Amino acid sequence: LLTAACGESASSSDASGEGNGDGTTLTLAAVPSEESTSLQSQFEVLIKHLEEETGTTIEVQQATDYAAVVEGQRAGKIDIAAYGPFSYIIAADGGIPLQPLAAVIDEEGEEPGYFSGAYVLADSEIQDLEEARDKRVCFVDRASTSGYLYPSAGLLDIDIDPAEDVTEVLAGGHDASLLALKNGECDIAYAFEDMEGQLVEGGELEEGEVRQIWKSERIMGSPIAVNTDSVDAEIVEKLQEAFTTANVDTFVEKGLCDSVEDCPLPEGAEWGFAVVEDGDYAGVREVCDITQAEACNV
């Protein structure tokens, strides 16, 4: 499931003594939303910043899905993980000693957050979510905040049981969900709201090929969280401090990027990161209470 699952532990010392500081190597895991080759480049600048500020070496690992990230951190094989809000709750409330560090933001001073959307093909006869009953519905996966949890709450709000009243299709990714809709594998598809634009920009969807019929309330932003059992407390503190300056302005000033406009960052971090804490995810826990989703019962 995850290449980080190999080895003695995620946080280890470089016996050669080489590296960025004290020889500590940390593993950061993430789930790519699109082509896997982009994952390393998305995190490259952030990793350089964190390494300089903490004196560690950080290795990026690609996970197949959020469940792999959760289990990797539970096993102590992943030190730092990029979660969705729901998968963070699954991990934190499932007994993994996590400390959220930061969430992505598009603009300086912005509150972290995003939206889930439900989509149909542009020429579909479906006009609103009330028509979802007995339809094939693409979700992302059961540990996805905007691809499963909030959509389930939205369906329940109009008396449609996502477990009984629709035919569930698990697409495995936000991009895969919309592409499954395009390919006729489902009648309605859920994805986070910016996914449509990304697929249009990448040439995988035509402008106007899909139509949005529902939008969620604002969802707290996806956190990056550290396993406080596998990472020394001093390094955890340095990581937290490093995220307070993890933004394009700092990266350009440090020479990690050529310009603010040309500074590759993880998806949704057009400007950088905002520090978050566990209490910021109370809304996700409330939606868990509403939906009683199986994945919430960890």
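Residues: numbered from 1 along the sequence shown. Note that this is a predicted model, so its numbers are computed, not measured.
Note on Glu51 versus Lys48: no salt bridge recorded, every NZ/NE/NH1/NH2 to OD/OE distance being 4.0 Å or above. Using a cut-off of 4.0 Å between Lys/Arg side-chain N and Asp/Glu carboxylate O, Asp123 and Arg211 are scored as not salt-bridged.
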Go through Gln198 and Phe192 one step at a time and tell me if the side chain to side chain contact (heavy atoms under 4.5 Å, CB included) criterion holds.
CA-CA 11 Å; Gln198 292 180 21; Phe192 70 83; 3.9 Å; yes
Starting from the C-alpha separation in whole Å, work towards a yes-or-no answer on side chain to side chain contact (heavy atoms under 4.5 Å, CB included) for Leu170 and Val140.
CA-CA 5 Å; Leu170 294 178; Val140 175; over 6 Å; no
Set out, in order, the CA-CA distance, both residues' side-chain angles and the distance that settles side chain to side chain contact (heavy atoms under 4.5 Å, CB included) for Val104 and Glu267, then state yes or no.
CA-CA 8 Å; Val104 297; Glu267 185 176 285; over 6 Å; no
Tell me, with the steps shown, if Thr245 and His49 meet side chain to side chain contact (heavy atoms under 4.5 Å, CB included).
CA-CA 9 Å; Thr245 57; His49 170 71; 3.4 Å; yes
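Taking CG from Asn247 and CD from Glu270, the interatomic distance works out to 13.5 Å, rounded to the nearest 0.5 Å. The CG atom of Asp278 sits 9.0 Å away from atom CG of Leu98, with the distance rounded to the nearest 0.5 Å. Distance check: Asp175 CG to Glu204 CD gives 6.5 Å after rounding to the nearest 0.5 Å. Here CG of Leu239 is found 6.0 Å from CG of Leu101. Values are rounded to the nearest 0.5 Å. In this structure, CD1 on Ile96 lies 10.5 Å from OG1 on Thr228, to the nearest 0.5 angstrom. A distance of 10.0 Å separates CG of Asp65 from CD of Glu71, quoted to the nearest 0.5 Å.
Annotation: side chain of Ser230 is not in contact with side chain of Gln73 (no heavy-atom distance under 4.5 Å). The shortest side-chain heavy-atom distance between Glu196 and Val210 falls under the 4.5 Å cut-off. Counting heavy atoms from C-beta outward, Glu44 and Leu256 have side chains that stay 4.5 Å or more apart. Annotation: side chain of Ser152 is in contact with side chain of Pro162 (closest heavy-atom distance under 4.5 Å). A heavy-atom distance below 4.5 Å is not found between the side chains of Val248 and Glu261. Contact check for Leu265 versus Trp271: no side-chain heavy atoms found under the 4.5 Å cut-off. With contacts defined as side-chain heavy-atom distances shorter than 4.5 Å, the pair Pro112/Val276 qualifies. Side-chain contact between Leu46 and Ile224: present, with at least one pair of heavy atoms (C-beta onward) separated by less than 4.5 Å.
Between the Thr291 side chain and the Ala293 main chain, a donor and an acceptor come within less than 3.5 Å of each other. Between the side chain of Ser146 and the backbone N or O of Ser116, no donor-acceptor pair lies under 3.5 Å. Side chain of Gln292 to backbone of Asp289: a donor-acceptor contact under 3.5 angstrom is found. Under a 3.5 Å cut-off, the side chain of Asp280 and the backbone N or O of Glu277 do form a donor-acceptor pair. Judged purely by atom type and a 3.5 angstrom limit, Arg133 uses its side chain to pair as donor or acceptor with the backbone of Asp159. A donor-acceptor pair under 3.5 Å links the side-chain atoms of Asp79 to the main chain of Thr27, judged by distance alone.
A side-chain N or O of Gln99 and one of Gln240 form a donor-acceptor pair less than 3.5 Å apart.
The shortest non-hydrogen separation linking Asp106 to Ala269 is OD1-N, 4.4 Å. Between Ser87 and Thr145, the shortest heavy-atom contact is N-OG1, 4.4 Å. In this structure, Ala180 and Cys138 approach most closely via the heavy-atom pair CB-SG, 3.7 Å. When all heavy atoms of Glu131 and Ile126 are compared, the closest pair comes out as OE1-CA, 3.6 Å. For Gly84 against Ser222, the heavy-atom pair with the smallest separation is CA-OG, 3.8 Å. Residues Glu217 and Tyr150 approach most closely at CG-CE2, 3.8 Å, considering heavy atoms.
The hydrophobic cluster containing Ile160 does not contain Ile290, counting ILVMFWY residues as joined when their side-chain heavy atoms lie under 4.5 angstrom apart, directly or transitively. Hydrophobic clustering keeps Leu129 apart from Val287 (ILVMFWY residues linked when any side-chain heavy atoms are closer than 4.5 Å, directly or through intermediates). Under a hydrophobic-cluster definition in which Ile, Leu, Val, Met, Phe, Trp and Tyr are linked whenever side-chain heavy atoms come within less than 4.5 Å, directly or via other members, Ile213 and Leu181 are assigned to different clusters. One hydrophobic cluster holds both Tyr88 and Ile90 under the rule that ILVMFWY side chains link at heavy-atom gaps under 4.5 Å. The hydrophobic cluster containing Leu155 does not contain Val284, counting ILVMFWY residues as joined when their side-chain heavy atoms lie under 4.5 angstrom apart, directly or transitively.
When each of Asn227, Leu50, Val231 is checked for a side-chain contact (heavy atoms from CB on, under 4.5 Å) with Leu26, only Val231 meets the rule.
Annotation for Glu130: atom CD counts as buried by contact number, over 12 foreign heavy atoms lying within 6.0 Å. Atom CD of Gln212 has more than 12 heavy atoms from other residues, nucleotides or ligands within 6.0 Å. Crowding of Glu234 atom CD: a count of heavy atoms from other residues, nucleotides or ligands under 6.0 Å not exceeding 12.
Ring centroid separation for the pair Tyr119 and Trp214 does not come in under the 6.0 Å cut-off. Between Tyr148 and Phe86, the ring centre distance reaches or exceeds 6.0 Å.
Residues satisfying the ring pair (Phe, Tyr, Trp, His ring centres under 6.0 Å) criterion with Tyr83, sequence neighbours excluded, are absent altogether.
Between Phe139 and Tyr190, the ring planes are parallel. Angles under 30° get that label, and only those over 60° would be called perpendicular.
For residues 134-158, the salt bridge (Lys or Arg N to Asp or Glu O under 4.0 Å) pairs, not counting sequence neighbours, are Arg136-Asp187, Arg142-Glu168. Applying the salt bridge (Lys or Arg N to Asp or Glu O under 4.0 Å) test to every pair with at least one member in residues 247-257, sequence neighbours left out, gives these pairs: Glu52-Lys254, Glu53-Lys254.
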